[in-house]
Every structure is written in structure tokens, then in C-alpha cells.
There are 2 protein chains.
Amino acid sequence: MADINFSRSAPPVDPAAKAAEPSGPDFQLIELLFFAYRDFVGDADQMLARYGFGRAHHRVLYFVERNPGIRVTDLLDILRITKQSLGRVLKQLVDEGFILQTPGESDRRQRLLHATRKGSRLVQELAERQSQRLEQAAAGLDAAGRAGARAFLQNMIDRDAPPRAPSDDVA
Amino acid sequence: MADINFSRSAPPVDPAAKAAEPSGPDFQLIELLFFAYRDFVGDADQMLARYGFGRAHHRVLYFVERNPGIRVTDLLDILRITKQSLGRVLKQLVDEGFILQTPGESDRRQRLLHATRKGSRLVQELAERQSQRLEQAAAGLDAAGRAGARAFLQNMIDRDAPPRAPSDDVA
DNA sequence: AATTTATGTCAGCCATATTGACTTATTCTG
DNA sequence: CAGAATAAGTCAATATGGCTGACATAAATT
């Protein structure tokens, strides 16, 4: 694969060519994000396959573990998927004992979601593997660099949760 | 959605709680990556929909634009998909005049790929929109922070392109 | 009592990816 | 040169994870 222009090989951008500012889009950074995220989720994909799960299961289980007792509606808002899409993977996670549903105390229509011990353990395993990659990536950086990386990602996120049309799906 | 534990709302991690180190996986950073990447690709998705394209088309067109004259095999190696998957979107991009195929000069089995002017223009538009988000995210950072963000992403990427089994698909 | 809300479900469709099996050119090699 | 290897393409079937639309049920609200 001679002379392919992506991150793993020679950097396409000469760091010394700083003079002419109107250099257009930062292709290097765009590619960095693409490859970094791919490898990042790839870690989890491998482990999930051993359970017969996919990324969708990971996301659901993750946010349930991180938000114990979350309502279905709120989970849908975080994931930004439809309840039909959620339903399929959630059912599997419940059937296989990774998530538990309990009726809401004040509102018994709710089916509040909790990770079981088994579910928590899986989330933990997955997070540890992903965190390992993140720690190694941060290892070469000083405090300012690490803070910068975190702040950069934080700033990339839309401030205002893009408004849902008032009667979207949760109608 | 009271008290949901994700990046947009109150940070789950108290920055002052620095004492006990064995704090486990960095959930905050994991979530930051998830939401940041989602919004990042969301920008492109919107524009692509106007052309009847999806993310797969974007990736193909992007790497062709960035690697003019690339061979199909090398594109497959970058994208890490099968030629059948590539075939579908590549055909559309060629049929609709975004990509051009030219026979290799020394090896006429090759169908070297080039973005047409139309294709380049679309890549540019998409990259500008994505770059705008990246620039805004970097705007609040000093030089050290920006360098840190870039280095962090770079370090997240697997050094060694994970070895393909010697006769994987390109058989 | 009527309406709204929270949740779930059926059916069908789309986009993207996979495996496996073959075909057609063309190049390389013994 | 004959045969093997390589570059590319194609057909068919399947999986995953999304989507829309149409309903159903139970519980809460008005």
C-alpha cells in the first residue's frame, strides 16, 4: 500500500508549513477522529461478540448502568433512537439477565431500568478495556495536554440537545 | 429528564475528588467520545441525505479524494470493509459522477479511483462543515491544549494495522 | 369520563455490513 | 507458453441496527 494518505503512514500535513493560514479544512484532524473512534469501538465489539451482542446492546447497557433506574423515555432521549429500535435490544438484555425492569413507585406505568450484577460486570469489563486505550493515549501527554483533549471533546458536543419536534415519537 | 448522567448535564465526576486514584474506568471520557463523535458525523449525515447518500458514501468519496488514483485494494484496506460492501456504494458514486475510474498504466487490471470535480466539491463541503465544529471546539484552547487533543487522538489509533489473515478476502 | 402519557408490539422497509461462490482480465512465473 | 496468482467485479443469502406507521394496554391527569 505505497503512499497512502492516512494517519498510520506519513502525515500528509507538514507541521512546518504554518505560514499561509487559509489552509482549508483540517483533514488530518478529521482522519484522526475517524481512525481513533474506529479503534476505540473496535475494542468493545470484539468482547461483545463473545456474548452475541452488538454495539446497540453496549450503548443501552452502558447508559442503564450509568443511570440506574432510568426511565425508558429518558434512555430514548439519550440514545436518540426510536422505542422500536430500543425494544429489540432491550428485550434481549432483559431476557438474558443483564437488565432488570422495576415499576416506578410514584408512577406505575414506568418500567425503570437497572443493570443486574451480571450487567454491571459486563459494562465494567468493556469500560476497562476502552479506558485502557484512553489511558495509554494520555500517557504521553502532560496535564495541559490531557486537559486539552478532554476540553476539546467536550466542546465538540452540541450544547443544546437539538430540539425534538414536540410530538415526535413519544406521542 | 431530571438528573441524567451524561455529558450535557452536570458532570458526574467531581474534579476535586482527585485523592483516591484507583477510581476505575474514566466513564466521563468514554461518554465524551461517544457524544462528540455522534455530533461530528451528524453534521455530514444531514448534508449527505440531500444527495441520497449515507455515511458509507462519505467514507469512500473522502478517501478517494484524499488519495487520488488509489487502487481498490488499498481503499479496502483503509476502510476495512469487503469489496462487496465497497462495490455497492462505489457503483453509485461512479454512476452519479462523483468518482472516476481509470485503468492503471503499468497494470491494466487496476481501476484507479479519482474524485471528479463534483466529487471533490462535495468532499470539500462536508469537510468544511466538520472542520467548523472542530475549529469551534479548539477555539477555547491554548496551543498546548490543541496539541494535546491532536496527540491524544493520534495515540488512540492502533500503531500496527491489525494484521489481516494472509488470505482474507483479497484472495 | 375523556384524554394524555409511558410503554410495548407487529409489520415492513432501508442502509450497511458479512460470507461464500464464481467470473473476467491481466500479469507473473516456472 | 501454460498455469498460477492477482485485481476487480458480481450474485445470493444473511445479520445488525436503524426507520415509519399503526395499534394496544395500563395508569395518570384533567
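Within every chain, numbering begins at 1; the chains are lettered A, B, ... in the order of the sequence lines, protein sequences first and strands thereafter.
- Between B:Arg88 atom CZ and D:dA13 atom C1' the separation is 15 Å, expressed in whole Å.
- Look at NE2 on A:His58: it is 12 Å from P on D:dG17, rounded to the nearest Å.
- Judged by distance alone, with hydrogens and angles left aside, the side-chain atoms of B:Asn67 form no donor-acceptor pair with the main-chain N or O of B:Ile70 at under 3.5 Å.
- Legend: residues meeting side chain to side chain donor-acceptor pair (under 3.5 Å) with A:Arg121, ordered by chain and number and at least two apart, are absent.
- Between its opening and closing five pairs, the helix from C:dA1-D:dT30 to C:dG30-D:dC1 changes axis direction by 10°, a value rounded to 10 degrees.
- The separation between A:Lys91 atom NZ and C:dT7 atom P is 18 Å, rounded to whole Å.
- In the set D:dA7, C:dT7, C:dA17, D:dA7 carries the atom at the smallest distance from any side-chain atom of B:Arg71.
- Relative orientation of the B:His57 and B:Phe53 rings is parallel, given thresholds of 30° and 60° on the angle between their planes.
- Note: CG (B:Leu86) to P (D:dA8) measures 10 Å, nearest angstrom.
- The distance between atom CG of B:Leu90 and atom P of C:dA15, rounded to the nearest whole Å, is 17 Å.
- Using a distance-only test at 3.5 Å, with no hydrogens or angles considered, no donor-acceptor pair links the side chain of B:Arg111 to the main chain of B:Gln101.
- Distances shown here put a side-chain N or O of B:Ser85 below 4.0 Å from the OP1 or OP2 atom of C:dT18.
- Applying the side chain to side chain donor-acceptor pair (under 3.5 Å) rule to A:Gln130 yields no partners; only residues at least two apart in sequence or on another chain are considered.
- Within the 3.5 Å criterion, the main-chain N or O of B:Pro103 finds no donor-acceptor partner in the side chain of B:Arg108.
- Residue A:Gly87 is classed as having no contact, given no heavy-atom separation below 4.0 Å to the nucleic acid.
- Between B:Thr73 and D:dT6 there is no side-chain polar atom (N or O) within less than 4.0 angstrom of OP1 or OP2.
- For A:Phe34, the ring-ring contact (aromatic ring centres under 6.0 Å, His included) partners at least two apart in sequence or on another chain are B:Phe63.
- Distance B:Lys83 NZ to D:dA7 C1': 8 Å, rounded to the nearest Å.
- The phosphate of D:dG17 has neither OP1 nor OP2 within less than 4.0 Å of any side-chain N or O from B:Arg55.
- For the segment residues 103-116 of chain A, the set of residues with a heavy atom within less than 4.0 Å of an atom of DNA chain D comprises A:Ser106, A:Asp107, A:Arg108, A:Arg109, in numerical order.
- In this structure, the CZ atom of B:Phe53 is 18 Å from the P atom of C:dC14, given to the nearest Å.
- Between B:Gln101 and A:Gly52, the residue anchored closer to the 5' end of DNA chain D is B:Gln101, taking for each the nucleotide with the nearest heavy atom.
- Considering only the side chain of A:Thr82, D:dT20 comes nearest among D:dT20, C:dA17, D:dG17.
- Distance alone, capped at 3.5 Å, is enough to place a donor-acceptor pair between the A:Thr116 side chain and the A:Gly97 backbone.
- In summary, B:Asp43 and B:Arg38 do not engage in a salt bridge, as defined by a charged side-chain N under 4.0 Å from a carboxylate O.
- Between the CZ atom in B:Arg59 and the CG atom in B:Leu79 there is a gap of 7.0 Å [rounded to 0.5 Å].
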Quick test: give all pairs of protein nitrogen or oxygen and nucleotides 10-13 of chain C nitrogen or oxygen below 3.5 Å, distance rounded to 0.1 Å.
none

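- Atom pair A:Asp77:CG and C:dT5:P shows a separation of 14 Å (rounding to whole Å applied).
- Side-chain contact, A:Glu96 with A:Tyr51: no donor N or O sits under 3.5 Å from an acceptor N or O.
- With hydrogens and angles disregarded, no donor-acceptor distance shorter than 3.5 Å links the side chain of A:Arg71 to the backbone of A:Leu112.
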